[in-house]
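See structure below.
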Amino acid sequence: GNSAKAGARHYETLCIVCHGKDGRGVKDGDSLMAPPLRNNRWFKGRRVDIITRVLLKGETGPIGDQNYGEGLMLPLEEAYNDQQLADLINYVGMTWNGWKGPVNASEIGAIRTEIKDRKTPYTNEELLEIE
């Protein structure tokens, strides 16, 4: 839909550098700059709660036994509003992960409010503990 189309523009402006045009991640020597977003476990499971946390606050450190690029996904909470983040999530979800319907901005806003006081990026271990 329109949301995913708008999300494609955000993706191509920012995310493509590390996650790649095809969502498979960009090679950096023997490793990847960032995790693949195509067939990504959080997107496959439609874990909007986790995806939103990573987008807003960033993520740091290895994911399982994989190290990526600089080991840091930068937080986007200051740069993007709830609708823009929903658009971005919908683009990745619908293009590469089989989503049938979109998330809406209010879902993003609720999580933004819930975690507003957090100052540091998430680690993969923390994300795995979110029910």
Side-chain angles (χ1 to χ4, degrees):
N2 288 340
S3 175
K5 276 201 193 75
R9 289 194 296 275
H10 301 313
Y11 187 88
E12 286 161 10
T13 303
L14 182 71
C15 319
I16 198 169
V17 179
C18 295
H19 291 285
K21 184 162 182 55
D22 59 3
R24 295 183 197 275
V26 173
K27 279 266 195 244
D28 178 25
D30 291 336
S31 60
L32 292 173
M33 302 258 304
L37 297 178
R38 182 185 289 262
N39 298 321
N40 175 283
R41 62 179 167 170
W42 299 135
F43 277 95
K44 278 288 178 206
R46 206 181 165 107
R47 292 299 305 272
V48 176
D49 55 334
I50 290 177
I51 295 161
T52 301
R53 281 175 164 83
V54 171
L55 286 171
L56 289 171
K57 299 294 181 177
E59 184 172 354
T60 186
I63 297 176
D65 54 7
Q66 285 292 314
N67 287 293
Y68 293 97
E70 301 294 307
L72 178 66
M73 152 100 191
L74 294 170
L76 304 180
E77 63 184 333
E78 303 296 333
Y80 289 89
N81 66 31
D82 296 340
Q83 184 61 59
Q84 290 169 322
L85 290 176
D87 293 344
L88 188 54
I89 290 168
N90 288 328
Y91 172 67
V92 174
M94 292 170 136
T95 306
W96 296 316
N97 293 285
W99 288 17
K100 300 288 180 265
V103 301
N104 60 54
S106 63
E107 293 175 69
I108 311 304
I111 294 166
R112 190 188 291 262
T113 300
E114 186 186 327
I115 63 174
K116 67 182 187 312
D117 295 329
R118 186 183 174 98
K119 300 286 185 264
T120 55
Y122 284 90
T123 64
N124 184 58
E125 287 70 25
E126 283 182 292
L127 296 171
L128 289 170
E129 286 168 13
I130 297 168
E131 284 310 321

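Sequence positions, counted from 1, serve as the residue numbers for this chain. Because the structure is a prediction, the values reported are computed rather than measured. Computed over heavy atoms, backbone and side chain alike; hydrogens, waters and symmetry mates excluded.
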Atom CD1 in Ile63, atom OG1 in Thr123: separation rounded to 0.5 Å?
-> 10.0 Å
What donor-acceptor contacts under 3.5 angstrom involve side-chain atoms of residues 50-62, with partners at least two apart or in another chain?
unit_1, atom_1, unit_2, atom_2, d
Thr52, OG1, Val48, O, 2.7
Arg53, NE, Tyr122, OH, 3.4
Arg53, NH1, Asp49, O, 3.2
Arg53, NH2, Glu114, OE2, 2.7
Lys57, NZ, Glu77, OE1, 3.0
Lys57, NZ, Glu77, OE2, 3.2
Lys57, NZ, Ile115, O, 3.2
Lys57, NZ, Lys116, O, 3.4
Lys57, NZ, Arg118, O, 2.8
Thr60, OG1, Gly71, O, 3.4

Does one hydrophobic cluster hold both [X] and [Y], with members joined at side-chain heavy-atom distances below 4.5 Å?
| X | Y | value |
| --- | --- | --- |
| Trp42 | Tyr80 | yes |
| Leu76 | Phe43 | yes |
| Leu85 | Leu127 | yes |

Non-hydrogen side-chain atoms of Trp99 and Ile89 separated by less than 4.5 Å = yes
Answer yes or no: are there more than 12 heavy-atom neighbours, outside Glu125 itself, under 6.0 Å from its atom CD?
-> yes
With sequence neighbours excluded, tell me which residues meet side-chain contact (heavy atoms from CB on, under 4.5 Å) with Lys5.
-> Asn2
For residues 10-19, which side-chain N or O atoms pair as donor and acceptor with protein atoms under 3.5 Å away, sequence neighbours left out?
unit_1, atom_1, unit_2, atom_2, d
Tyr11, OH, Gly20, O, 2.7
Thr13, OG1, Arg9, O, 2.6
His19, ND1, Pro35, O, 2.8

How close do Gly98 and Lys44 get, heavy atom to heavy atom, and via which atoms?
-> N-NZ, 4.4 Å
Verdict with reasoning, Leu32 to Gln66, per side chain to side chain contact (heavy atoms under 4.5 Å, CB included) | CA-CA 9 Å; Leu32 292 173; Gln66 285 292 314; over 6 Å; no
Is there a side chain to side chain contact (heavy atoms under 4.5 Å, CB included) between Glu126 and Ile130 once you walk through the steps?
-> CA-CA 7 Å; Glu126 283 182 292; Ile130 297 168; 5.9 Å; no
Give the intermediate values and the outcome of side chain to side chain contact (heavy atoms under 4.5 Å, CB included) for residues Val92 and Asn40.
-> CA-CA 9 Å; Val92 174; Asn40 175 283; over 6 Å; no
